[in-house]
A.B. asks: 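Just passing along the structure, written as structure tokens.
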Amino acid sequence: MSHHHRYDVLVIGSGAAGLTLALNLPSHLRIAVLSKGDLANGSTYRAQGGVAAVLDDTDTVESHVADTLVAGGGLCREEAVRFTVEHSRDAIKWLIEQGVPFTRDDAPDREDGGFEFHLTREGGHSHRRIIHAADATGAAIFNTLLARARARSNIELLQQRVAVDLITERKLGLAGKRCLGAYVLNRNSGEVETFQARFVALATGGAAKVYLYTSNPDSACGDGIAMAWRAGCRVGNLEFNQFHPTCLYHPQAKSFLVTEALRGEGALLKLPNGERFMPRFDPREELAPRDIVARAIDHEMKRLGIDCVYLDISHKPADFIRGHFPTVYERCLAFGIDITRQAIPVVPAAHYTCGGVVVDQHGRTDIPGLYAIGETSFTGLHGANRMASNSLLECFVYGRAAAEDMLRQLPDIELAGDLPGWDASQVTDSDEDVIIAHNWDELRRFMWDYVGIVRTNKRLMRAQHRVKLLLDEIDEFYSNYKVSRDLLELRNLALVADLMIRSAMQRKESRGLHFTLDYPEQLPVAVDTILQPPTYCD
């Protein structure tokens with residue numbers, strides 16, 4: 001018999017967005033926060049750079065908004081940008097109150113307007129507005145919020161739980177569209193459990209694992225996007241996948257991102273012969289937005305037939321480098337690279353999913369009772385290209401907004417009666433898991449080759465043909481065998497890959513992160529790419 005769990009709020013995902021939501025809800029509510037692996041395995045923990053916010057006296061909301069709109073290639077929704085930036089100071093104040101150990105400024109009279117914390121600058125920003133904890137901001141924020149959540153008796157943190165699918169009234173054949181909970185695989189027992197809740201929030205991160213080379217953890221499989229689509233939610237702008245320009249290139253280094261803050265503090269990109277190349281591509285040079293830098297690196301690598309380029313900050317004082325970038329320094333040193341004396345070999349890698357589940361300014365999706373926050377969502381903040389360090393800010397602002405919206409609705413929403421459990425009576429254990437591994441590898445390779453930094457119609461058509469074959473194979477496998485984490489992730493990733501390809505084929509221009517040789521020009525009017533599932537009901 002399947003286990004049933006009943007909560008007021010079910011949060012699927014344990015990163016910055018999910019923990020922010022849980023901590024902003026009152027202590028009398030029963031809250032479950034699910035992590036499909038260990039709690040620290042998500043993208044938040046790995047984030048190095050920081051959080052963008054208007055914090056010092058020399059900066060303004062208008063400046064931050066303007067920078068974001070420029071970086072977004074004309075596709076940002078200005079109301080979402082303004083909403084996020086206007087709430088940035090309050091979000092940072094809340095994080096400081098939680099105890100996040102942001103780096104303090106040892107020279108507060110310089111250009112930070114007397115602000116007591118150190119602010120750095122990253123690509124696309126016209127001011128120093130990135131508050132950080134050295135170069136391990138994500139870990140500092142995550143550890144602080146996790147400790148706060150563990151101290152709350154009403155928040156249950158459940159590890160090794162992989163969401164299978166959402167439970168909606170429509171799926172159960174009931175009148176209405178409301179989300180009632182989710183079916184969740186308990187990896188410890190192998191059983192699929194039923195989680196009921198008055199509200200469900202998807203905070204599962206992005207889908208960069210769809211690419212062969214990525215800075216993301218293995219968990220970034222687009223789970224929330226895929227589940228929301230199957231439940232009947234629209235998705236938007238999934239053709240815009242940000243490639244971080246600088247990931248460490250070393251055979252033993254798995255997905256290690258070299259923070260953009262190095263370039264913000266003067267690091268230079270160079271070819272193997274020591275020549276700089278960014279001045280040839282953009283007047284902002286190393287501080288150009290990520291899409292421009294990534295394409296420049298990709299161009300030089302293909303032009304010269306080289307495996308990587310080099311990021312050099314060795315001209316800065318050694319104490320400065322070790323003090324501001326201890327994580328990068330120590331990680332590179334472990335691979336025999338002393339960044340105080342040597343340049344860092346780097347390559348672009350898939351980093352951030354700029355599109356996602358369509359939501360409003362409260363994080364609400366098309367389905368009542370279902371929210372999407374953080375990288376899973378499409379708020380309109382990022383447009384065609386995410387500006388550095390706006391992503392963590394989005395997690396906090398929308399996590400808090402979703403909590404407020406749930407509180408407003410709570411008096412009117414009752415927990416439904418017991419829902420039917422998961423039916424596993426018609427499936428068997430798989431003895432062909434090699435198929436999953438093969439399909440996983442094939443998917444990530446053709447997405448890298450055909451739907452990567454530079455695209456063409458022919459490449460997209462090839463990718464679409466292959467993903468359709470994969471989806472058919474995966475569907476047959478899913479229907480006949482017991483679910484596992486690998487199968488669920490492959491199912492979700494293949495679906496999101498299909499949505500990405502469909503979105504890219506619809507955009508007949510080059511804009512921001514979507515660059516195609518067949519349509520190199522930008523159209524005069526910017527329009528979002530919104531896909532509507534067959535089960536969508538307005």
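Both backbone and side-chain heavy atoms feed into the values below; hydrogens, waters and symmetry mates do not.
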A.B. asks: Measuring from atom OG1 of T340 to atom NE2 of H315, what distance do you get when rounded to the nearest 0.5 angstrom?
C.D. replies: 12.5 Å
A.B. asks: Would you check if there is a donor-acceptor pair between the side chains of Q160 and D38 at a distance under 3.5 Å?
C.D. replies: yes
A.B. asks: Mark yes or no for whether H125, through its side chain, and A388, through its backbone, hold a donor-acceptor pair below 3.5 Å.
C.D. replies: yes
A.B. asks: Going by atom types alone, do R129 and S63 pair a side-chain donor with an acceptor below 3.5 Å?
C.D. replies: yes
A.B. asks: Would the number of heavy atoms belonging to other residues, nucleotides or ligands and lying under 6.0 Å from CZ of F281 be above 12?
C.D. replies: yes
A.B. asks: Measure up the H250 and F335 rings against each other and bin them: parallel (under 30°), tilted (30 to 60°), perpendicular (over 60°).
C.D. replies: tilted
A.B. asks: Answer yes or no: is there an ion pair linking R445 with D449, defined by an N-O contact shorter than 4.0 Å?
C.D. replies: no
A.B. asks: Do the side chain of H132 and the main chain of T103 share a donor and acceptor less than 3.5 angstrom apart?
C.D. replies: no
A.B. asks: Before accepting this row, confirm whether a basic side-chain N of the pair R322/D319 lies closer than 4.0 Å to the acidic partner's carboxylate O.
C.D. replies: yes
A.B. asks: Any heavy-atom pair between the side chains of V347 and I297 that's under 4.5 Å?
C.D. replies: no
A.B. asks: Any chance you could lay out the side-chain contact (heavy atoms from CB on, under 4.5 Å) test for E489 and N492, step after step, and finish with the verdict?
C.D. replies: CA-CA 5 Å; E489 289 184 333; N492 291 334; 5.8 Å; no
A.B. asks: Are D338 and R341 within salt-bridge range, i.e. N to O under 4.0 Å?
C.D. replies: yes
A.B. asks: Are E265 and R121 close enough for a salt bridge, meaning some N to O gap below 4.0 Å?
C.D. replies: no
A.B. asks: Could you check whether E394 and H382, counting side-chain N and O atoms only, form a donor-acceptor pair closer than 3.5 Å?
C.D. replies: yes
A.B. asks: Does R263 use its side chain to pair, donor to acceptor, with the backbone of E286 at less than 3.5 Å?
C.D. replies: yes
A.B. asks: Evaluate the criterion side-chain contact (heavy atoms from CB on, under 4.5 Å) for residue pair T379 and Q361; output intermediate values, then yes/no.
C.D. replies: CA-CA 7 Å; T379 64; Q361 285 187 4; over 6 Å; no
A.B. asks: Main chain of V33, side chain of S14: is a donor-acceptor contact present, judged purely on distance under 3.5 Å?
C.D. replies: no
A.B. asks: Could you check whether R77 pairs with E79 (Lys NZ or Arg NE/NH1/NH2 to Asp/Glu carboxylate O, under 4.0 Å)?
C.D. replies: no
A.B. asks: Looking at K93, I want to see if its NZ is surrounded by more than 12 non-hydrogen atoms of other residues, nucleotides or ligands under 6.0 Å.
C.D. replies: no
A.B. asks: Can you tell me if T529 and S503 form a side-chain donor-acceptor pair at under 3.5 Å?
C.D. replies: no
A.B. asks: Are the charged groups of D218 and K209 less than 4.0 angstrom apart, N to O?
C.D. replies: yes
A.B. asks: Can you check whether A294's main-chain N or O pairs, donor with acceptor, with D298's side chain at less than 3.5 Å?
C.D. replies: no
A.B. asks: Taking everything shown except E521 itself, do over 12 heavy atoms lie less than 6.0 Å from its CD?
C.D. replies: no
A.B. asks: Just checking H351 against F243, ring centres under 6.0 Å apart?
C.D. replies: no
A.B. asks: Would L119 and D105 count as a side-chain contact (heavy atoms from CB on, under 4.5 Å) here? Give the steps.
C.D. replies: CA-CA 8 Å; L119 301 176; D105 197 346; over 6 Å; no
A.B. asks: So, D312 and S314: side-chain donor and acceptor under 3.5 Å apart, yes or no?
C.D. replies: yes
A.B. asks: With a 4.0 Å cut-off, would you call E300 and R280 a salt bridge?
C.D. replies: yes
A.B. asks: Working to the nearest 0.5 angstrom, can you tell me the gap between I130 CD1 and S389 OG?
C.D. replies: 4.0 Å
A.B. asks: We want to know whether S27 and N154 form a side-chain donor-acceptor pair, criterion being a heavy-atom distance below 3.5 angstrom.
C.D. replies: no
A.B. asks: For S510 and T516, does a side-chain donor sit closer than 3.5 Å to a side-chain acceptor?
C.D. replies: no
A.B. asks: Roughly how far, to the nearest 0.5 Å, is the CD1 atom of I453 from the OH atom of Y211?
C.D. replies: 9.5 Å
A.B. asks: Could you grab the distance from atom CZ of R455 to atom CZ of R459, nearest 0.5 Å is fine?
C.D. replies: 10.5 Å
A.B. asks: How close do L513 and R386 get, heavy atom to heavy atom, and via which atoms?
C.D. replies: CD1-N, 4.4 Å
A.B. asks: Is there side-chain contact between S391 and Y352, with heavy atoms separated by less than 4.5 Å?
C.D. replies: yes
A.B. asks: What heavy-atom pair brings I313 and A267 nearest, and what distance separates the two atoms?
C.D. replies: CB-CB, 3.8 Å
A.B. asks: If only atom types and distance count, is the side chain of T68 paired as donor or acceptor with the main-chain N or O of H64 below 3.5 Å?
C.D. replies: yes
A.B. asks: To the nearest 0.5 Å, what is the distance between CG (L271) and CD1 (I306)?
C.D. replies: 5.5 Å
A.B. asks: So among I12, L488, D486, which one has a side-chain contact (heavy atoms from CB on, under 4.5 Å) with V162?
C.D. replies: L488
A.B. asks: Is there side-chain contact between L39 and R150, with heavy atoms separated by less than 4.5 Å?
C.D. replies: yes
A.B. asks: Is there a donor in the side chain of N390 and an acceptor in the side chain of T84, or the other way round, less than 3.5 Å apart?
C.D. replies: no
A.B. asks: Look at the side chain of K36 and the backbone N and O of S219, then say whether any donor-acceptor pair between them is shorter than 3.5 Å.
C.D. replies: yes
A.B. asks: Counting distance only, does the side-chain N/O of R276 pair as donor-acceptor with the main-chain N or O of L268 below 3.5 Å?
C.D. replies: no
A.B. asks: Is any side-chain heavy atom of I344 less than 4.5 Å from a side-chain heavy atom of Y249?
C.D. replies: no
A.B. asks: Looking only at the aromatic ring of each residue, does the gap between the centers of F83 and Y398 stay below 6.0 angstrom?
C.D. replies: yes
A.B. asks: Under 4.0 Å between a Lys/Arg side-chain N and an Asp/Glu carboxylate O for E62 and R82?
C.D. replies: yes
A.B. asks: Which pair of heavy atoms, one from A208 and one from T353, lies closest together, and at what distance?
C.D. replies: N-OG1, 3.8 Å
A.B. asks: Of all heavy-atom pairs between V359 and S377, which one has the smallest distance, and what is that distance?
C.D. replies: CG2-CB, 3.9 Å
A.B. asks: Going through the checks in order, is the side-chain contact (heavy atoms from CB on, under 4.5 Å) test met by L212 and M447?
C.D. replies: CA-CA 8 Å; L212 186 61; M447 286 296 291; over 6 Å; no
A.B. asks: Does A350 offer a backbone N or O that forms a donor-acceptor pair with the side chain of T214 under 3.5 Å?
C.D. replies: yes
A.B. asks: Would you say T20 and R400 are linked by a side-chain donor-acceptor pair, where the criterion is simply a distance under 3.5 Å?
C.D. replies: no
A.B. asks: Check E86 against V61 and note the closest heavy-atom contact, atom names and distance.
C.D. replies: CG-CG1, 4.0 Å
A.B. asks: To check you understand the geometry: which heavy-atom pair defines the closest contact between A207 and V496, and what is its length?
C.D. replies: CB-CG1, 3.8 Å
A.B. asks: State, yes or no, whether a side-chain contact exists between M301 and P348 at a heavy-atom distance under 4.5 Å.
C.D. replies: yes
A.B. asks: Could you check if a side-chain atom of I292 sits within less than 4.5 angstrom of a side-chain atom of R284, using non-hydrogen atoms only?
C.D. replies: yes
A.B. asks: Show, in sequence, the C-alpha distance, side-chain angles and deciding distance for T58 and D56, and conclude whether the side-chain hydrogen bond (donor to acceptor under 3.5 Å, both in side chains) test is met.
C.D. replies: CA-CA 6 Å; T58 68; D56 72 56; 2.5 Å; yes
A.B. asks: Using 0.5 Å steps for rounding, measure from the CG atom of L287 to the CG atom of D282.
C.D. replies: 10.0 Å
A.B. asks: Check whether any side-chain heavy atom of F378 sits under 4.5 Å from a side-chain heavy atom of D528, and report yes or no.
C.D. replies: yes
A.B. asks: Taking atom CD of E78 as the centre, report whether more than 12 heavy atoms of other residues, nucleotides or ligands fall under 6.0 Å from it.
C.D. replies: no
A.B. asks: Side chains of T456 and L460, heavy atoms from C-beta outward: is any pair under 4.5 Å?
C.D. replies: no
A.B. asks: For F320, does its backbone N or O pair with a side-chain atom of H324 as donor and acceptor, under 3.5 Å?
C.D. replies: yes
